[in-house]
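Residue numbers count from 1 along this sequence.
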Amino acid sequence: MKTFLFWLSMFLLVPFSVLAQDTLPAPSSYRVNKVTFNMVCVEQGGFWMGAQHMDTAEFNYDRYSQTDELPVHYVKINEDFYIGQTEVTQKLWVAVMGYNPSVKKCPKRPVTNVNYYEVQEFLRRLDSITGMEFRLPTEEEWEYAARGGIHSRGFVYSGGKDVDRVAWHNGNTGKVKKVKKRLPNELGIYDMSGNVWEWCSSRYRYFDNERNATLGKDGQMYCIRGGAWQLPKTSCRVAWRGKRLPDLKNSFGGFRLCLDAKYVKEEAPEGEILMKEGEGEEKD
């Protein structure tokens with residue numbers, strides 16, 4: 001009896017996210033110039049977007065919520081989509097673009113120092129190689145995926161309530177880190193909290209139309225999400241919203257791929273880009 005109770009307690013201690021991932025479909029893999037990257041399926045569904053700190057009994061209570069995360073509102077995602085299992089790495093960027101703009105160079109780290117326009121050029125070239133239609137996620141898709149989609153457990157950070165286990169921020173690192181070094185979220189997606197902030201395709205807007213009339217220059221900015229290694233841990237919250245002009249780039253900003261489910265095939269297409277032998281290779 002004691003043996004049974006021991007093993008039962010061990011089972012109950014296994015993180016839910018690990019168990020949940022065993023039931024999820026395997027990521028779809030793509031290969032470009034010998035560089036493989038994975039896309040994770042996010043099933044359609046609804047969720048409460050934003051955060052509030054007024055009432056612990058209401059949806060998405062978060063003591064660190066900001067005014068532009070209000071009001072909390074229900075959003076329906078009507079189609080399945082795929083999102084990058086990790087941020088786009090420097091290795092993948094080099095395979096597509098032929099150069100590395102990152103300040104801290106390492107193939108397994110996220111590419112950084114890229115503005116919105118450069119990301120769009122990357123997507124155009126990636127599409128021409130693969131025959132697909134990759135894009136940036138909308139702000140709604142980003143938050144839905146970060147929260148774990150239909151498998152969400154309601155964590156404030158993507159993948160858990162302990163920020164140091166799921167995210168890199170200015171309290172636990174002083175530089176950008178390799179991808180997949182923190183715990184994944186309920187969908188098996190890594191680094192949606194911390195490491196580098198991520199461009200979204202959505203223009204920055206308030207969640208209520210009344211305030212949008214006062215946006216001014218903010219209305220020309222694009223949403224960024226996820227927090228970063230050079231920002232405080234509060235920016236790693238799934239509800240955190242940032243904004244940047246499209247020509248801005250720095251050493252703690254990157255992006256993540258998104259793809260409509262209708263473009264995903266059973267056998268992932270392979271594409272090659274012509275590059276000189278050894279071009280773009282860097283030491284880890």
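Separating the NZ atom in Lys177 from the CG atom in Asn172 is a distance of 8.0 Å, to the nearest 0.5 Å. With rounding to the nearest 0.5 Å, the separation of CG in Asn195 from CD in Glu87 is 5.0 Å. A distance of 4.5 Å separates CG of Leu24 from NE2 of His151, quoted to the nearest 0.5 Å. With rounding to the nearest 0.5 angstrom, the CG atom of Leu215 is 9.5 Å from the CD atom of Gln220. Taken from CG in Asn113 to CD in Gln90, the straight-line distance is 10.5 Å, to the nearest 0.5 Å. Note: Met192 CE to Glu198 CD = 5.5 Å, rounded to the nearest 0.5 Å.
Proximity of Trp93 to Val114: side-chain heavy atoms (C-beta onward) are separated by under 4.5 Å at one or more points. Side-chain contact check for Thr130 versus Val32: some heavy-atom pair is nearer than 4.5 Å. Taking the side chain as every heavy atom from C-beta outward, Phe81 and Ile83 approach each other to under 4.5 Å. Looking only at side-chain heavy atoms (C-beta outward), Leu136 and Gln120 come within less than 4.5 Å of each other. Counting heavy atoms from C-beta outward, Gln85 and Lys180 have side chains that approach closer than 4.5 Å. Side-chain contact between Glu143 and Glu140 is absent, with no heavy-atom pair separated by less than 4.5 Å. For the pair Pro107 and Thr89, the minimum side-chain heavy-atom distance is 4.5 Å or more. For the pair Asp68/Tyr206, a side-chain contact is recorded, criterion being any heavy-atom separation below 4.5 Å from C-beta on.
Put simply, Tyr116 and Val119 are part of the same group of oily side chains (I, L, V, M, F, W, Y) that touch within less than 4.5 Å, one to the next. Side-chain heavy atoms closer than 4.5 Å link hydrophobic residues (I, L, V, M, F, W, Y) into clusters, and following such links, even through other members, never connects Leu183 to Val238. Hydrophobic clustering (side-chain heavy atoms under 4.5 Å, transitive across Ile, Leu, Val, Met, Phe, Trp, Tyr) keeps Val94 apart from Val179. Under the 4.5 Å side-chain contact rule for hydrophobic residues, Leu92 and Tyr263 share a cluster. Residues Tyr61 and Met49 do not share a hydrophobic cluster, defined by chaining ILVMFWY side chains whose heavy atoms lie under 4.5 Å apart.
Looking at Glu69 and Arg241, no side-chain N of the basic residue comes within less than 4.0 Å of a carboxylate O on the acidic one, giving no salt bridge. Salt bridge Arg135/Asp260: present, at least one basic N to carboxylate O contact under 4.0 Å. Contact check on Arg153 versus Glu186 returns no salt bridge, with no Lys/Arg side-chain nitrogen under 4.0 Å from an Asp/Glu carboxylate oxygen.
Thr112 places no side-chain N or O within donor-acceptor distance of the main-chain N or O of Phe252, the cut-off being under 3.5 Å. Judged by distance alone, with hydrogens and angles left aside, the side-chain atoms of Tyr144 form a donor-acceptor pair with the main-chain N or O of Glu43 at under 3.5 Å.
Remark: Lys217 NZ is loosely packed, at most 12 non-hydrogen atoms of other residues, nucleotides or ligands lying under 6.0 Å away. Within 6.0 Å of NZ on Lys104 lie no more than 12 heavy atoms contributed by other residues, nucleotides or ligands. By the neighbour-count criterion of 12 heavy atoms within 6.0 Å, atom CD of Glu121 is densely surrounded, having more than that number from other residues, nucleotides or ligands. Within 6.0 Å of CZ on Arg211 lie more than 12 heavy atoms contributed by other residues, nucleotides or ligands.
No hydrogens or angles considered: nothing links the side chains of Tyr157 and Arg237 as a donor-acceptor pair under 3.5 Å.
For Arg147 and Phe47, the positive end is not near the middle of the six-membered ring at less than 6.0 Å and at most 45° from its axis. Both tests pass for Arg182 against the ring of Trp168: distance under 6.0 Å to the centre and angle within 45° of the axis.
Closest approach of Val103 to Ser251, counting heavy atoms only: CG2-CB, 4.2 Å. Scanning all heavy atoms of the two residues, the minimum distance from Leu257 to Val88 falls at CG-CG2, 3.7 Å. Closest approach of Lys178 and Cys106 over heavy atoms only: CE-SG, 4.0 Å. When every heavy atom of Gln52 is checked against every heavy atom of Leu70, the shortest pair comes out as CB-CD2, 3.5 Å. For the residue pair Ser158 and Val166, the shortest heavy atom distance occurs at O-CB, 3.6 Å. Smallest separation of non-hydrogen atoms from Arg256 and Ile189: NH1-CG2, 3.3 Å.
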Open item on the list: Walk me through whether Met39 and Val264 qualify under side-chain contact (heavy atoms from CB on, under 4.5 Å).
Closed with: CA-CA 9 Å; Met39 303 289 291; Val264 178; over 6 Å; no
Open item on the list: Would Lys91 and Asn100 count as a side-chain contact (heavy atoms from CB on, under 4.5 Å) here? Give the steps.
Closed with: CA-CA 8 Å; Lys91 192 173 184 179; Asn100 189 348; over 6 Å; no
Task: ring-ring contact (aromatic ring centres under 6.0 Å, His included) between Phe134 and Tyr30, worked out - done: CA-CA 12 Å; Phe134 289 96; Tyr30 297 87; 5.8 Å; yes
- [ ] Verify side-chain contact (heavy atoms from CB on, under 4.5 Å) between Gln230 and Asn170, making sure each step is shown before the conclusion.
- [x] CA-CA 5 Å; Gln230 205 172 39; Asn170 68 5; 5.6 Å; no
TODO: Would you sort out whether Asp247 and Tyr117 count as a side-chain contact (heavy atoms from CB on, under 4.5 Å), showing the intermediate values?
DONE: CA-CA 7 Å; Asp247 59 353; Tyr117 302 122; 4.2 Å; yes
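Checking each of Tyr222, Phe122, Trp197, Trp199 against Phe255 for a ring-ring contact (aromatic ring centres under 6.0 Å, His included) leaves exactly one that passes, namely Phe122.
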